[in-house]
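For reference, the structure discussed in these notes is given below.
The model shown is predicted, which means the values in this text are computed figures rather than measured ones. The chains referred to below are lettered A, B, ... by the order of the sequence lines, with proteins before strands, and numbering in each begins at 1.
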Protein chains: 4
Amino acid sequence: MARPKDDDKRNAIMAAATRVIVTRGLSAPTAMIAQEAGVANGSLFTYFETKADLFNQLYLELKAGMASAALEGLPARAELREQLSHVWSKWMVWAVSHPEKRRALAQLAVSDEITPVSRAAAHKTMAGIGELLERIRANGPLRNAPMGFVVAIMNALADATMDFMVQDPTNADRHCRVGFDALWRVLS
Amino acid sequence: MARPKDDDKRNAIMAAATRVIVTRGLSAPTAMIAQEAGVANGSLFTYFETKADLFNQLYLELKAGMASAALEGLPARAELREQLSHVWSKWMVWAVSHPEKRRALAQLAVSDEITPVSRAAAHKTMAGIGELLERIRANGPLRNAPMGFVVAIMNALADATMDFMVQDPTNADRHCRVGFDALWRVLS
Amino acid sequence: MARPKDDDKRNAIMAAATRVIVTRGLSAPTAMIAQEAGVANGSLFTYFETKADLFNQLYLELKAGMASAALEGLPARAELREQLSHVWSKWMVWAVSHPEKRRALAQLAVSDEITPVSRAAAHKTMAGIGELLERIRANGPLRNAPMGFVVAIMNALADATMDFMVQDPTNADRHCRVGFDALWRVLS
Amino acid sequence: MARPKDDDKRNAIMAAATRVIVTRGLSAPTAMIAQEAGVANGSLFTYFETKADLFNQLYLELKAGMASAALEGLPARAELREQLSHVWSKWMVWAVSHPEKRRALAQLAVSDEITPVSRAAAHKTMAGIGELLERIRANGPLRNAPMGFVVAIMNALADATMDFMVQDPTNADRHCRVGFDALWRVLS
DNA sequence: CATGAATGAGCGTTCATTCAT
DNA sequence: GATGAATGAACGCTCATTCAT
């Protein structure tokens with residue numbers, strides 16, 4: 001049963017889990033997720049072997065969605081700064097448009113139910129951004145730092161920026177720019 | 001007072017909680033914390049009214065410990081860069097020397113059992129660093145950003161740096177310096 | 001609906017609760033009730049939301065059972081004395097035949113978990129007896145007393161009588177008659 | 001240590017227990033009773049071996065107090081009806097003046113922690129009333145009923161009457177009289 | 001003798017998972 | 001495959017009782 005037929009139901013569960021995690025944290029009962037998804041209690045377990053399995057898949061899917069949003073429409077021929085700026089903007093827009101997904105993701109990222117395998121897979125999902133970053137830092141002050149460190153710094157700055165954009169939406173655009181400028185100063 | 005409340009025991013519970021949170025997350029059973037502390041099940045509740053109370057106090061204590069480690073021996077007359085560098089080093093040393101505390105803190109920070117009051121108190125604990133930061137950014141590119149944003153960026157960079165220092169201890173010193181340089185570029 | 005909620009099981013839990021309350025009072029552990037009912041620990045809570053809920057429902061059911069036993073086969077055209085005598089006899093027979101139910105009921109009646117709503121509903125259950133009483137006392141010495149008082153007196157006499165019938169079963173019939181005669185003297 | 005020196009403390013605990021039982025039922029924690037009595041947690045157990053012991057002694061004391069209130073100033077030479085009426089009035093006055101004691105007593109009476117021995121001793125306390133009753137019923141319709149039954153009936157009527165006097169204090173006097181008349185009709 | 005911290009069994013309730021229907 | 005009742009281990013917390021101070 002490599003994947004049960006009804007993908008709609010699977011997606012409904014994923015979406016429900018996202019919502020419920022936001023309100024109830026990682027201890028959200030599977031029964032509540034199932035109910036929110038309009039599905040019976042036990043049906044959840046025909047789509048996901050365990051609760052941890054659901055969480056891992058959700059984590060991966062959210063990360064992938066985020067990455068693909070960030071990379072959408074990347075102007076591959078533009079200058080590097082321009083490209084990164086584009087990614088940054090898309091990324092921030094995603095965060096602001098999907099606050100629930102971001103919050104669920106934050107919770108999941110910190111969970112110890114998420115396996116190293118899932119984390120690695122999620123990481124891969126951002127490979128596109130990684131490559132761009134690689135080219136940018138090549139001549140900058142971080143040229144000798146491990147790539148993972150550079151990515152971590154970018155993620156950290158992105159997270160801080162998102163928090164402020166969500167927290168103070170009136171000045172979201174400014175915060176977005178300030179965040180990007182800070183990142184650029186770090187990298188080049 | 002017969003058999004006064006024993007500070008050693010309180011500390012043992014705090015330390016045990018730190019350890020158990022690392023291995024079991026926020027769902028760390030109180031019974032396990034008590035056992036780890038060498039104390040009876042119910043004794044935990046003579047020192048802390050509820051599990052949430054324990055977690056809030058632990059959160060505050062860990063944050064305060066971290067802040068005071070960072071600020072210890074601050075060369076108040078040195079140049080600002082020198083001062084921040086000192087804080088940064090001490091901070092990183094604390095993180096590397098107390099990986100369990102840092103991990104527990106990360107979990108606690110994300111818990112919704114931690115009250116706004118505790119968060120505010122914990123924040124105050126870092127006031128010294130905040131002031132330093134304030135003076136540093138006054139003439140830099142972030143002079144118009146909200147202070148909270150600046151702090152968030154610093155925390156984000158610090159966390160990323162710590163992760164790499166812990167992950168790759170051989171080059172800890174280098175990572176520490178790279179992180180600091182990045183921070184400095186962001187601020188000035 | 002897969003495996004519909006089983007009325008037998010519900011009844012088994014009710015009966016078990018009755019028995020356990022007799023031996024352990026209102027602090028009867030739910031786990032013991034479940035075991036006595038031959039049901040898992042947690043299953044009790046698929047039939048009753050809380051222990052208090054179980055107790056309220058049990059209270060109501062026992063009272064209703066008692067009332068319907070008392071009113072069964074009421075000779076509605078007979079003289080009032082005859083009717084009351086009939087109710088009294090049936091009532092006493094119920095008490096003697098179901099000593100556990102009576103004891104559980106006594107405990108429940110005194111519990112502060114039983115809500116006013118349940119008490120009111122239980123009261124309604126005895127409305128038939130109330131009406132009869134109403135007609136009887138209309139021309140008697142209690143014609144000006146509040147109806148509630150009259151009912152309370154009847155209940156009090158009934159309880160005393162039941163106690164003696166149970167305590168001294170050999171003379172149960174005589175006690176039953178003595179009790180009734182006392183009641184009749186009070187009322188008319 | 002047939003009786004610890006400090007009778008005041010013992011009495012304070014008894015009084016506290018009375019109050020706490022009213023508000024919290026028989027599951028009132030001993031710690032709460034101790035606190036209410038202004039006494040340490042563990043001190044309670046130097047005055048009473050166990051919680052059950054406290055409850056038994058309290059039960060006995062309350063019953064004795066009630067009985068002695070009822071018998072106080074008994075006009076031993078008056079007519080029997082007059083004597084009973086006097087007892088009845090005093091009894092009702094006691095109930096109305098000490099609602100907490102009465103309520104605690106009601107709870108205790110139903111508890112299965114109260115031993116048969118305590119119940120017997122409490123019963124003896126009412127011997128004075130019993131003798132009066134004995135003489136009254138000697139020529140009445142209950143002349144052949146067991147004495148215990150007669151006492152039970154009286155208690156039952158008394159309880160019902162008290163409930164109404166407390167519930168509807170405006171007409172307390174009338175309810176008192178109605179109750180007595182009912183009793184008299186039962187007895188003679 | 002007073003105190004109150006220490007103890008640990010016990011309780012009501014929850015919940016991931018299984019399985020009869 | 002879908003359903004939801006059944007299961008029982010686990011949890012946070014309480015409390016009568018003990019005992020070090």
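- Under the side-chain hydrogen bond (donor to acceptor under 3.5 Å, both in side chains) criterion, A:S118 pairs with A:N56, A:T115, sequence neighbours left out.
- Residue pairs meeting the salt bridge (Lys or Arg N to Asp or Glu O under 4.0 Å) criterion with at least one member in residues 25-41 of chain D, sequence neighbours excluded: D:R19-D:E36.
- Of the residues in residues 35-51 of chain B, those lying under 4.0 Å from DNA chain E by heavy-atom distance are B:A40, B:N41, B:G42, B:S43, B:T46, B:Y47.
- Atom pair B:M32:CE and F:dC13:C1' shows a separation of 17 Å (rounding to whole Å applied).
- DNA chain E is contacted by A:A28, A:P29, A:T30 of residues 13-30 of chain A, taking any non-hydrogen atom closer than 4.0 Å.
- Taking CD1 of C:I114 as the reference point, atom CG of C:L60 lies at 9.5 Å (rounded to 0.5 Å).
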Return all side-chain donor-acceptor pairs below 3.5 angstrom for residues 99-112 of chain A, not counting sequence neighbours, or 'none' if the list is empty.
residue, atom, partner, partner atom, Å
A:R102, NH1, A:D159, OD1, 3.0
A:R102, NH2, A:D163, OD1, 2.6
A:S111, OG, A:E113, N, 2.8

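- For the OP1/OP2 pair of F:dA5 and a distance below 4.0 Å, the side-chain nitrogens and oxygens of C:K9 include no atom meeting the criterion.
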For residues 37-53 of chain B, run the donor-acceptor check on the side chains, cut-off 3.5 Å, and write out each pair with its distance to 0.1 Å, sequence neighbours left out.
residue, atom, partner, partner atom, Å
B:T46, OG1, B:S43, O, 2.8
B:Y47, OH, B:D6, N, 3.0
B:T50, OG1, B:A52, N, 3.4
B:T50, OG1, B:D53, N, 3.0
B:K51, NZ, B:L26, O, 3.1
B:K51, NZ, B:A28, O, 3.1
B:D53, OD1, B:Q57, NE2, 3.3
B:D53, OD2, B:E49, N, 3.1
B:D53, OD2, B:Q57, NE2, 3.4

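- Atom CG of A:L54 is separated from atom C1' of E:dT17 by 14 Å (rounded to the nearest Å).
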How does DNA chain E read in dot-bracket, base by base from 5' to 3', with Watson-Crick or G-U pairs under 3.5 Å and | used when the partner is on another strand? .||||||||||||||||||||
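- With sequence neighbours left out, C:R10 forms a salt bridge (charged side-chain N to carboxylate O under 4.0 Å, His left out) with C:E61.
- Per the geometry, CD1 belonging to C:I33 stands 17 Å off P belonging to E:dG10, to the nearest Å.
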